[in-house]
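Notes follow once the structure below has been shown.
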Protein chains: 2
Amino acid sequence: MRKIAESTVRRLSLYLRFLEDFEEQGIDTVSSDALATRGHTTSAQVRKDLSFFGSFGKRGLGYSVPELASRIRDILGLGRAYRVAVIGAGNLGAALVHFSGFDRHGFHVVSLYDSDPKKIGTERNGLAVRDQKDLEADMAEELADIAIIVTPASVAQELVDRLVGAGVKAFLNFAPVQLKVPDDVVVKTVSLALELEALSYGLRNR
Amino acid sequence: MRKIAESTVRRLSLYLRFLEDFEEQGIDTVSSDALATRGHTTSAQVRKDLSFFGSFGKRGLGYSVPELASRIRDILGLGRAYRVAVIGAGNLGAALVHFSGFDRHGFHVVSLYDSDPKKIGTERNGLAVRDQKDLEADMAEELADIAIIVTPASVAQELVDRLVGAGVKAFLNFAPVQLKVPDDVVVKTVSLALELEALSYGLRNR
DNA sequence: CTATGTGAATGATTTCACAGCT
DNA sequence: AGCTGTGAAATCATTCACATAG
């Protein structure tokens, strides 16, 4: 399959959110223009994004809301449940354990890890904190599909290496480091400092 | 000044992080190639990014680490302190209150708001939870430079409207909505659901 | 008549490649 | 000799515009 731009994939996620809103409101047909308006883009962009994956609309009419939603879920691979492990039981890690919106598309946080003996064995937001030492053993038993890294930067790479070794293929990284992983492993990094600095730059010229 | 691509600004933030690492290690000269290797990009990219803002290196030698760091801080507008208000004292909001790394570049969380009477007046991570009703009054007294929105999607836009009215010019948004703001206001949205869906897509083709 | 799907055109970003300093 | 700074070339992403289907 042709290589699809990151930006296209992100817009598809957005469209899906809008389609779900429309579905809730009982709207069952939508035009590329309606989706575009909702997402601060253009109708041509919407149609082009979709065209990489097939043709899902009816000319002269638009798209069936439930059908297009279903197609986008297929494209994004959302037709299954994902087991998510959160690595790091600090404030942010604990907050992510039940961040509403995770479950919505099948992302279930199933475990939470830390290395601090004071935390291990306690519960954070209803989930037991497990010992980081047991990562490999636990993963061998029941592999996580996705690991969310919420540890200090200094230990992030080492933990990722261990998780990669254990078979984890996808990471959402909140540690302010550039992670190195093999080609067959996917990483998305969310850097709050970086977002704030982009805001700072944005504030400069006004 | 010429319009600079978002991607360039984000890479500059990255370079800055690397330069600070180098500085800590006592390295005082660095080549575009060294920065590139560290940031998963190319030396030409690094030089091009910098060239939009001036020429900071010495041919045949490279860049002075402290000087380049200082130049990038200037470019990004980091030569000042930013007052940050966190709107929403849920798990995530509380976690952000002292997310290490915020202070590092001059982003200081100075206030935390919620609308839940049970929370108002209590402390979360050492910061008093203020009443959302008082937003306007508080902002009139001491305006925040940046507001971080960590509320349910349903109230995010309304709060942003109020904050924009009160004079806030920059938002970091964690609510899963597309915020509408005037042209002179900057917004960056971090959508965890969207990142996870991008991971899901990434997992599909392997 | 309306709105999709898509090549072709435009615009933006990245990479190349080399002249010019140190 | 080594590495920057930068036009020119190549690649990638978006927008245009229209033929086509309902």
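In what follows, every chain begins at residue 1, and chains take the letters A, B, ... in the order their sequences are listed. Scope of the values below: all heavy atoms of this structure, side chains included, with no hydrogens, waters or symmetry mates.
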Sugar-phosphate only, base, or nothing, as touched by B/T41 at under 4.0 Å among non-hydrogen atoms: nothing
Nucleotide nearest A/S55 (side chain, heavy atoms from C-beta), chosen from D/dT14, C/dG5, D/dG7: C/dG5
Rounded distance in Å - NE2 (B/H40) to P (C/dT14): 16 Å
base_contact_polar (C/dT22 base, B/R59 side chain, donor-acceptor, <3.5 Å): no
5' precedence on DNA chain C between A/G60 and A/G54 (nearest-nucleotide basis): A/G60
Parallel, tilted or perpendicular: rings of A/F107 and A/Y82 (30°, 60°): parallel
Spacing between A/Y15 atom OH and C/dT4 atom P, to the nearest angstrom: 12 Å
Gap between atoms CD and C1', on B/E6 and D/dT14 respectively (whole Å): 17 Å
Residue-phosphate contact under 4.0 Å: A/Q45 side-chain N/O, D/dT15 OP1/OP2: yes
Closest nucleotide among C/dT15, D/dA13, C/dG5 to the A/Y63 side chain: C/dG5
Interatomic distance where NZ belongs to A/K48 and P belongs to C/dA9 [whole Å]: 13 Å
B/S51 side chain, from C-beta outward: closest of D/dT15, D/dT6, C/dT13: D/dT6
B/N125 side chain to B/A94 backbone, donor-acceptor under 3.5 Å: yes
Polar side chain donor-acceptor pair, B/D21 to B/Q25, under 3.5 angstrom: no
Interatomic distance where CG belongs to A/L61 and P belongs to C/dC1 [whole Å]: 18 Å
A/R11 vs D/dA13: side-chain N/O to OP1/OP2 distance below 4.0 Å: no
Selection from D/dG5, C/dT13, D/dA8 that lies nearest to any side-chain heavy atom of B/S7: C/dT13
Rounded interatomic separation in angstrom, taking CZ from A/F53 and P from C/dT6: 14 Å
Nearest-nucleotide pick for B/S31, side chain only, options being C/dA17, C/dT6, D/dC3: D/dC3
A/R10/B/E195 salt bridge by N-O under 4.0 Å criterion: yes
Any A/S32 side-chain N or O less than 4.0 Å from OP1/OP2 of C/dT4: yes
Nearest non-hydrogen partners of A/F56 and A/E67, listed with the distance: O-OE2, 4.0 Å
Separation of atom CZ in A/F52 from atom P in D/dC12, rounded to whole Å: 12 Å
Of the listed nucleotides C/dT15, D/dC18, D/dA19, the one nearest the side chain of A/R47: D/dC18
Nearest-Å distance for atom pair CG/P, residues A/L35 and C/dG5: 12 Å
